[in-house]
Every structure is written in C-alpha cells, then in structure tokens.
**Student:** 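Please see the structure below; I have some questions.
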Amino acid sequence: MDTAALLATAAVFAAGVLYWFIWVMGSAEVKGKRAVDLKMGSITKDKVQDKYKQYWSFFRRPKDTVESSENVPAFVDTFYNLVTDIYEWGWGQSFHFSPSVPNRSHRDATRIHEERVVDLIKARPGHRILDVGCGVGGPMRAIAARSGSTVVGITINEYQVGRARSHNRKAGLDGACEVVCGNFLQMSFEDCSFDGAYSIEATCHAPRLEDVYAEIYRVLKPGGLYVSYEWVTTGLFRADDPKHVETIQGIERGDALPGLRAQDQIAGVARKVGFEVVEERDLALPPAGPWWTRLKMGRLAYWRNHVLVSVMTLLRFAPKGVVEVHEMLYETARHLTHGGETGIFTPMHMVLCRKPIDKASS
Ligand SMILES: C=C(CC[C@@H](C)[C@H]1CC[C@H]2C3=CC[C@H]4[C@H](C)[C@@H](O)CC[C@]4(C)[C@H]3CC[C@]12C)C(C)C
Ligand SMILES: C[S@@+](CC[C@H](N)C(=O)[O-])C[C@H]1O[C@@H](n2cnc3c(N)ncnc32)[C@H](O)[C@@H]1O
C-alpha cells in the first residue's frame with residue numbers, strides 16, 4: 001500500500017471513530033443522559049485515584065471493628081462521589097432495582113416499584129414524607145407526583161443534593177420535593193415531624209440497621225407508616241459454599257456495604273426499635289419478573305461504555321480513575337446477577353412498619 005492509500009485509510013478510520021463517538025454521545029443525550037459530563041461527583045481529576053484507593057483499602061480492612069463502623073458514612077460518601085455520574089448516565093435517576101414487568105419498559109417497571117410505596121405508606125396530599133437515602137431523587141419525584149405529598153429526601157452525598165435539586169427544578173417538582181445533605185444515622189429533623197417514610201435500597205449502607213431504624217422511628221408521627229426495600233441474603237445463602245461467599249462479598253465490596261444482613265433479621269430489628277411490623281415480603285419472588293435481567297441485557301452496552309469512558313479519559317474529558325471505577329461496576333454487576341440467578345440475594349425485601357399510635361418520640 002502506498003503512502004496516499006495508507007493516509008486515506010487512516011483518515012476513513014479516524015472519521016469512523018469520530019462518527020461513532022458523536023453517535024454514542026448523541027444517543028445518550030437523546031435518552032436524557034449526560035454522556036459528556038462524567039465529572040465523578042465533587043472529586044477533581046487528581047483526587048479520583050487516591051479516593052478510589054482509599055475506598056478499597058477501607059473495604060479490605062478487617063470487618064466489625066468499631067473504627068470501621070464509624071467511618072462507614074464517610075466512605076459511602078466517597079463511593080457516591082465516584083459512582084453517581086456513571087449510575088445516572090448508565091441507569092437513570094433511580095438508583096435501585098425493580099422486578100421486570102412483561103411488555104413494559106425499564107422506566108415503567110421502575111416507576112411501578114416506586115409508586116408501590118405510595119400505596120404501602122398511604123401517602124396523600126398534605127402529608128410530609130421522608131425519603132431516607134434519596135440519591136438524585138428519581139423515587140422522590142415519582143412518589144411526590146403520584147401522591148400529592150411533600151417529600152423530603154436526605155443523602156450523605158453533597159454532589160447528589162445538587163443533582164437532585166436540579167432534577168426537581170427541571171421536573172417542576174421543586175415545590176413538592178426538598179433535599180437535605182445529612183447522615184441518616186443522626187438526622188436533624190424534629191421528633192414526630194413526618195406522616196410517613198420510606199427507604200429504597202439505602203439502609204443497607206448502615207453499619208447497624210437499628211441505628212437508622214431508630215432515627216426513622218423518632219421522626220415519624222405516631223401511627224405513621226414506614227416501608228423499606230432492603231438488600232439481604234436469603235435463606236438459600238450457604239456460608240460454607242465458597243461461590244456463595246465470593247458473590248456476597250463481591251456485592252458488598254462493589255456497593256460500599258459494611259456487610260449484608262440476612263432476610264430473617266430485618267423484622268426483628270424493626271420491632272426492637274419499637275415498630276409494629278405490618279407486612280414483610282420479598283418483592284423479587286414470583287410472580288414478580290426477575291430484577292437482574294436488566295443487568296444481564298446490558299453486556300454490549302457495558303463494552304460500549306468501557307470504550308467510551310476510555311476515550312473520554314484519554315481526551316481528558318473524564319478524570320483518570322473513571323475507567324477503573326467502571327470496571328469495578330462491571331464486576332459488581334456480575335456478582336449481583338449471580339446473586340439474583342441463584343436466589344441467594346435480594347435487593348427488595350420489603351418491610352412495612354407502623355409507629356404505634358400510643359407512642360410519642362423514642
Ligand atoms: C442500591 C445500590 C445501587 C444499585 C444499582 C443502581 C447499581 C448497582 C450496580 C450498578 C451498575 C453496574 C454496572 C454499570 C455498567 C458497567 C455501566 O456501563 C453503566 C452503569 C451500570 C449498569 C451500573 C448502574 C447502577 C447499578 C445497576 C447500592 C449501591 C446499594
Ligand atoms: C443506592 S442509593 C439509593 C438512592 C435512592 N433511594 C434511589 O432509589 O434512587 C443509596 C443512597 O443512600 C444514601 N446514604 C447511604 N448512607 C447514608 C447515610 N449514612 N446518610 C444519608 N444517606 C446515606 C446515599 O447517599 C445514596 O443516596
């Protein structure tokens with residue numbers, strides 16, 4: 001091949017890559033995602049690698065030390081600085097799973113799973129509802145819109161607060177949705193100040209579940225309902241099966257969890273802090289459609305995203321650590337899928353609780 005032909009081939013190839021790059025970004029924008037905006041939360045380029053290493057060294061430390069429990073909220077905050085943009089970009093504004101629904105889109109299935117909360121806690125106009133661990137507010141907006149209630153969300157991550165407020169404004173729901181930055185283990189809200197509360201796949205980050213449940217109990221009005229979708233191991237999990245252990249530890253490490261609890265512990269914790277348990281059920285069990293199929297179907301997209309984040313890192317649109325964080329999430333998706341397929345793990349063990357009517361705070 002002579003030089004001219006070589007140059008022409010190279011030019012065609014470069015144009016192809018550029019066209020593909022623009023197409024990927026364009027299609028992501030059409031779906032409402034922000035392909036060019038992988039800033040990694042509030043972390044600057046140079047700090048991403050350090051934070052990422054810090055995150056891993058934390059999760060490799062021996063478990064159950066008092067010191068690590070105290071540090072959990074700070075590391076969870078670091079984790080969300082690392083993953084929030086990728087989550088939003090690759091999953092949407094709701095950071096949770098949902099049972100798949102035949103002939104319905106992921107978006108619909110997500111909304112259905114969120115709106116179920118409205119019926120469970122009987123949220124209605126005039127109510128003030130607490131969203132414990134609100135992320136960037138996908139569930140909050142769906143629940144406020146559906147119920148006519150006012151929803152107040154709390155998240156430990158400052159970056160998510162900004163994202164959630166901006167989404168609330170764009171959705172015209174900033175009058176109905178409020179977002180505060182804080183630790184759900186020590187909330188600044190008044191005793192008995194909420195008519196209802198919910199947490200969607202968030203309390204799994206608490207080192208001791210009783211601490212967050214006790215706080216929710218405190219801020220609920222007597223008679224108020226609280227529902228939680230909990231991440232737990234099921235009765236099928238065998239601690240003496242190395243593959244089970246690898247999967248569960250993979251889920252814990254890749255999702256910043258201090259340790260998954262067993263399904264049969266949840267109601268006991270709720271009762272211990274004073275709640276009446278109204279209902280308890282794994283929403284992932286049949287006839288519910290599998291929640292993990294959405295993760296499985298994304299293999300091609302993961303590869304595309306990997307190329308995209310690599311190119312963006314190369315062009316310095318994204319900080320260095322993004323590629324590694326993306327790889328870590330890919331690995332986590334594998335563990336989550338295995339957890340779902342084997343049935344040893346569920347992200348939607350639902351527990352519905354009531355604060356007894358004759359009790360004031362604590
Ligand atoms: C409740 C929690 C988060 C649950 C899920 C929202 C996220 C768990 C794993 C995440 C993802 C895994 C693979 C990513 C993929 C490699 C990337 O290309 C696009 C984004 C992913 C699909 C990402 C999206 C969010 C999750 C599904 C935990 C933290 C308690
Ligand atoms: C997986 S996300 C779920 C977000 C939201 N519920 C949703 O479904 O989109 C978990 C959320 O819990 C929040 N969180 C974890 N630990 C927290 C803590 N100690 N205090 C406040 N928020 C916390 C995280 O910041 C994040 O917003």
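Counting convention: from 1, in listed order, for ligands and their atoms alike. As the structure is a prediction and not an experimental result, all values here were calculated from the model.
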**Student:** Quick check, are the ring centers of Phe194 and Phe189 under 6.0 angstrom apart?
**Tutor:** yes
**Student:** May I ask you to list the atoms of ligand 2 that are less than 4.0 angstrom from any heavy atom of Glu201?
**Tutor:** 1 (C), 3 (C), 10 (C)
**Student:** Can you tell me which portion of Phe97 lies within the under-4.0 Å heavy-atom range of ligand 1? Options are side chain, backbone, both, or neither.
**Tutor:** side chain
**Student:** Just heavy atoms, cut-off under 4.0 Å: does Leu336 contact ligand 1 by side chain, backbone, both, or neither?
**Tutor:** side chain
**Student:** What are the two closest heavy atoms between Leu236 and Thr342, and how far apart are they?
**Tutor:** CD1-O, 3.7 Å
**Student:** So which protein heavy atom does atom 8 (O) of ligand 2 come closest to, and at what separation?
**Tutor:** His96 CD2, 3.1 Å
**Student:** Could you tell me if any non-hydrogen atom of Gly138 lies under 4.0 Å from any atom of ligand 2?
**Tutor:** no
**Student:** Short question: side chain of Gln160, backbone of Val136 - any donor-acceptor pair under 3.5 Å?
**Tutor:** no
**Student:** Are the side chains of Glu114 and Ser94 in touch, meaning some heavy atoms are under 4.5 Å apart?
**Tutor:** yes
**Student:** Against the six-membered ring of Trp91, is Arg294 placed for a cation-pi contact (under 6.0 Å from the centre, within 45° of the normal)?
**Tutor:** yes
**Student:** Please classify the Ala301 to ligand 1 contact at 4.0 Å (heavy-atom distances, strictly less than): side chain, backbone, both or neither.
**Tutor:** neither
**Student:** Among Trp303, Trp91, Tyr330, Tyr87, whose heavy atom sits nearest atom 7 (C) of ligand 1?
**Tutor:** Tyr87
**Student:** With heavy atoms only and a cut-off of under 4.0 Å, state how His306 meets ligand 1: side chain, backbone, both or neither.
**Tutor:** neither
**Student:** Would you say Pro99 and Met348 make side-chain contact, with heavy atoms under 4.5 Å?
**Tutor:** yes
**Student:** Quick one: which of Pro347, Gly182, Gly133 has a heavy atom closest to atom 21 (C) of ligand 2?
**Tutor:** Gly182
**Student:** At what distance is the nearest protein heavy atom to atom 25 (O) of ligand 2, and which residue and atom is it?
**Tutor:** Thr155 OG1, 2.8 Å
**Student:** For atom 2 (C) of ligand 1, find the nearest protein heavy atom and state the residue, atom name and distance (0.1 Å precision).
**Tutor:** Trp231 CZ2, 3.4 Å
**Student:** Under 4.0 Å, heavy-atom basis, I'd like to know which part of Asn183 is in contact with ligand 2: side chain, backbone, both or neither.
**Tutor:** both
**Student:** Given 3.5 Å as the limit, does a donor-acceptor pair link the side chain of Ser100 with the main chain of Pro290, or not?
**Tutor:** yes
**Student:** Between the side chains of Thr247 and His335, is a donor N or O closer than 3.5 angstrom to an acceptor N or O?
**Tutor:** no
**Student:** I'd like to know if the side chain of Thr233 pairs up with that of Gln263 as donor and acceptor (distance under 3.5 Å, no hydrogens or angles considered).
**Tutor:** no
**Student:** Which atom pair, heavy atoms only, marks the closest approach of Leu220 to Phe275?
**Tutor:** CD1-CE2, 3.8 Å
**Student:** Specify the protein heavy atom at minimum distance from atom 9 (O) of ligand 2: its residue, its atom name, and the distance to 0.1 Å.
**Tutor:** Phe95 N, 2.7 Å
**Student:** Give the residue and atom name of whichever protein heavy atom lies nearest to atom 22 (N) of ligand 2, and the separation in Å to one decimal.
**Tutor:** Ile156 N, 3.1 Å
**Student:** Can you tell me if Thr150 and Glu178 form a side-chain donor-acceptor pair at under 3.5 Å?
**Tutor:** no
**Student:** Return the closest protein heavy atom for atom 12 (C) of ligand 1 as residue, atom name and distance.
**Tutor:** Leu329 O, 3.5 Å
**Student:** Is there any N or O on Asn305 that sits under 3.5 Å from an N or O of ligand 1?
**Tutor:** yes
**Student:** Test your reading of the structure: does Ile200 have an N or O sitting under 3.5 Å from an N or O of ligand 2?
**Tutor:** yes
**Student:** Could you check which of Trp231, Tyr229, Tyr80, Tyr87 puts a non-hydrogen atom nearest to atom 1 (C) of ligand 2?
**Tutor:** Tyr80
**Student:** What protein heavy atom lies closest to atom 26 (C) of ligand 2? Include the residue and the distance to one decimal.
**Tutor:** Gln160 OE1, 3.5 Å
**Student:** On a heavy-atom basis, I'd like to know which of Trp91, Phe79, Phe184 is closest to atom 18 (C) of ligand 2.
**Tutor:** Phe184
**Student:** If hydrogens are left out, which of Tyr80, Trp292, Phe95 has an atom nearest to atom 29 (C) of ligand 1, that is, the closest non-hydrogen atom?
**Tutor:** Tyr80
**Student:** Give me the residue, atom name and distance of the protein heavy atom closest to atom 21 (C) of ligand 1.
**Tutor:** Tyr302 CE2, 4.6 Å
**Student:** Ring centres of Tyr229 and Tyr198 under 6.0 Å apart?
**Tutor:** no
**Student:** With a 4.0 Å cut-off on heavy atoms, is Glu327 in contact with ligand 1?
**Tutor:** no
**Student:** Does any donor atom in the side chain of Asp85 or Tyr159 lie under 3.5 Å from an acceptor atom in the other side chain?
**Tutor:** yes
**Student:** Under 4.0 angstrom from atom 24 (C) of ligand 1, is there any protein heavy atom?
**Tutor:** yes
**Student:** I want to know if ligand 1 touches His326 in the polar sense, i.e. an N/O pair below 3.5 angstrom.
**Tutor:** yes
**Student:** Check Ala284 against Thr346 and note the closest heavy-atom contact, atom names and distance.
**Tutor:** CB-OG1, 3.5 Å
**Student:** Ignoring hydrogens, what is the shortest heavy-atom contact between Cys204 and Trp231? Give both atom names and the distance.
**Tutor:** CB-CB, 3.8 Å
